[in-house]
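A short worksheet on the structure shown next.
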Amino acid sequence: MTEMVFGTTPVRAGDPILPRWWRTLDRWSLACVLGLFAVGLLLGLAASVPLAEKNGLPQFYYVTRQAVFGAMALVVMLVISTFSPRMVRRIGVLGFLAALVVLVALPFIGTDFGKGAVRWLRLPGGMSVQPSEFLKPCFVAICAWFMAASQEVGGPPGKTFSFGLAVIVVLLLAMQPDFGQASLVLFSWCVMYFIAGAPLYLLGGVMGLACIGGVFAYGASEHFARRINGFLAAEVDPRTQLGYATNAIQEGGFFGVGVGEGSVKWSLPDAHTDFIIAVAAEEYGLILVLIIIALYATIVVRSLLRLQDERDPFVRIAGTGLACAFGVQALINMGVAVRLLPAKGMTLPFVSYGGSSVIASGIAMGMLLALTRSRPQGRIGDVLGRGRG
C-alpha cells in the first residue's frame, strides 16, 4: 500500500477519512479549544447567575444555553476541520455573500436591544443572531481567495478586489455602529495583504486612512467619542463597567477571592460577555487569566508555525488571517478589561456567552484546523498552477 508523508505525518493512501483526519490534525490546538470551552462554562456558572435572577429565569438558564451553543459550535468545528482547502474556500465565499446580504439589510430589519447599535437580527422563538460574527471568518476566506488568485499567471487583480470588499464591510460595520468589529476586519485584511506580498508603504497608507477615519468617527459619533474620552480620562469612573472591571481585577490578586465569592458579576451587566475576564480575575485570580492567555497563544503560535512552510497561497494567507484575527479578538477583549484599549463590544472567543459568538468561533476554528492539517507539499510552480475551483 502506498504511503505518503503529510508534513511529518506518514499517511497511507488507503486510510479511511477519519483516521487520516486525526493523524493530520493539530491536536494541541484542538485540545486548547476544548479547554477554552470548559473555562467558558466554568465562568458562566458564576457570571450568568445574577443575570438569570434579574430576568426571573432559572439560575443556570444561560449556562445551559451556552452548553447547547457550545456543543453546536464544536460539531460545526469538527465537521469543517475535515474539509479540504477548496471546500473551505467555497463555504467561505457562500457564507460571506449570505452574511453580507443580511448586513446590508440590518438597518431596516435589525434591532439594537436597547444598546444603541443595530447589530442583531431577531429570529422567531426569542432567538437572535449577529451577522457580523459570521461574516468575519468568511471575509478572511474570500479575501485570501482573491489574493491567492492574483499570484497566478494571468490572474485577476485580486488584491484590489479584496480591498474593495474590506472597504464595504468596514463601512457597513461602522454604520451600525460597531467600530470594534470594523477594526478587526481591517486588521485581518492588513495581515493577509502583508502575507500576500504587499509593500509596506501601501499598508502604511491604509493605516493612515484608518486613523483619518477614526478622527472622523470621533467627531461624528457621540458613542465613539464617549468611549475614547473614557479611555483617555486620568481617572476611571468607578460606576462604569470599566471601573467595576478594574476594581475586580485588582481585588482578585494572584489566587482570587474564591469560587462564587466575587461581587463584580452583580454590578456588571456584561459580566457574562464582554467583561467575563474580570469575573475570572476576581474569583480565580491571575493564575486562571494566565492559563486563558496561554491557551489562546498556543493556538495562534502553533497555527502560524504549521503555516510557515505552506506552499499553497490560499492556505497560507487564509490560515494566517484566521489565526491572527482569533488571537487579536481575544487580545482586544482582555485589553479593554485592563484599560489598555478603549471599550469595545468584543467577545472572548469560546469563553463569552452568546450563540452567534461561539458558533462563529467554531466555524473560524474549524477552517483554521482544516487549513493547518499536515498535507503533501508539492513544488511551488505546481501549487500556483492549480485551478481556482
Side-chain angles (χ1 to χ4, degrees), residues 4-7 9 11-34 37 69-100 133-149 162 188 192 195 299-300 302-307 309-326 349-350 356 358-378 382-384 386-389:
M4 299 180 293
V5 176
F6 285 61
T9 306
V11 178
R12 292 183 294 275
D15 275 350
I17 293 177
L18 288 181
R20 186 185 309 169
W21 164 80
W22 181 248
R23 290 193 183 101
T24 58
L25 186 71
D26 183 3
R27 295 188 287 273
W28 278 100
S29 291
L30 177 60
C32 288
V33 170
L34 296 177
F37 177 62
F69 292 142
M72 294 170 59
L74 293 178
V75 170
V76 169
M77 179 187 70
L78 293 175
V79 170
I80 294 178
S81 70
T82 66
F83 291 173
S84 67
R86 177 171 295 185
M87 183 61 70
V88 169
R89 181 171 61 223
R90 288 175 178 172
I91 64 172
V93 172
L94 294 176
F96 175 81
L97 294 176
L100 185 64
E133 291 285 356
F134 297 93
L135 182 81
K136 289 183 296 185
C138 298
F139 169 81
V140 169
I142 193 171
C143 284
W145 178 39
F146 282 140
M147 292 179 186
S162 70
S188 303
M192 291 188 292
I195 296 299
I299 293 172
V300 174
R302 284 191 60 86
S303 297
L304 294 178
L305 289 176
R306 291 172 74 93
L307 289 165
D309 296 324
E310 178 61 55
R311 294 187 176 184
D312 186 317
F314 169 76
V315 173
R316 186 174 62 252
I317 296 170
T320 303
L322 289 168
C324 291
F326 181 79
F350 291 110
S356 294
V358 72
I359 294 175
S361 295
I363 293 173
M365 187 51 55
M367 289 181 171
L368 184 58
L369 290 173
L371 296 175
T372 55
R373 285 171 54 195
S374 302
R375 57 178 51 87
Q377 298 297 321
D382 295 338
V383 173
L384 294 178
R386 291 177 186 168
R388 295 176 213 156

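- Here the straight-line distance linking atom CG of Leu100 with atom CZ of Phe134 works out to 15.5 Å at 0.5 Å rounding.
- Side chains of Arg306 and Ser29: no donor on one and acceptor on the other come within 3.5 Å.
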Distance-only check: which donor-acceptor pairs under 3.5 Å involve side-chain atoms of residues 76-83, not counting sequence neighbours?
| residue | atom | partner | partner atom | Å |
| --- | --- | --- | --- | --- |
| Ser81 | OG | Trp21 | NE1 | 3.0 |
| Ser81 | OG | Met77 | O | 3.4 |
| Ser81 | OG | Leu78 | O | 2.7 |
| Thr82 | OG1 | Val79 | O | 2.6 |

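- In this structure, the separation between CD1 on Ile359 and CG on Leu74 is 10.5 Å, given to the nearest 0.5 Å.
- Listed by chain and number, the residues in a side chain to side chain donor-acceptor pair (under 3.5 Å) with Thr372 amount to none (sequence neighbours excluded).
- Phe146 meets the ring pair (Phe, Tyr, Trp, His ring centres under 6.0 Å) test with Phe161; sequence neighbours excluded.
- Residues Ala364 and Leu322 come closest through the heavy atom pair O-CD1, 4.2 Å.
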Show every donor-acceptor pair shorter than 3.5 Å between a side-chain atom in residues 136-143 and any protein atom, with sequence neighbours excluded, or say none if there are none.
| residue | atom | partner | partner atom | Å |
| --- | --- | --- | --- | --- |
| Lys136 | NZ | Glu133 | OE1 | 3.2 |
| Lys136 | NZ | Gln181 | OE1 | 3.1 |
| Lys136 | NZ | Gln329 | OE1 | 2.8 |

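- Applying the ring pair (Phe, Tyr, Trp, His ring centres under 6.0 Å) criterion to Phe314, with sequence neighbours excluded, gives no partner residue.
- The side-chain contact (heavy atoms from CB on, under 4.5 Å) search around Ala323 returns Ser303, Leu304, Leu368, not counting sequence neighbours.
- In terms of modelled atom types and a separation under 3.5 Å, the side chain of Arg27 and the main chain of Trp22 share a donor-acceptor contact.
- Shown here for Arg373 and Leu25, the closest heavy-atom pair between the two residues is CG-CA, 4.1 Å.
- Looking at every heavy atom in both residues, Ser162 comes nearest to Met147 through OG-CE, 3.4 Å.
- Note on residues 313-323: no pairs pass salt bridge (Lys or Arg N to Asp or Glu O under 4.0 Å), not counting sequence neighbours.
- To the nearest 0.5 angstrom, Arg90 atom CZ is 7.5 Å from Ser84 atom OG.
- Leu97 meets the side-chain contact (heavy atoms from CB on, under 4.5 Å) test with Val93; sequence neighbours excluded.
- Atoms CZ and CZ, from Phe350 and Phe69 in turn, are 14.5 Å apart once rounded to the nearest 0.5 Å.
- Between Ile317 and Ala148 the shortest heavy-atom distance is CD1-N, 4.1 Å.
- Closest approach of Leu307 to Thr320, counting heavy atoms only: CD1-N, 3.4 Å.
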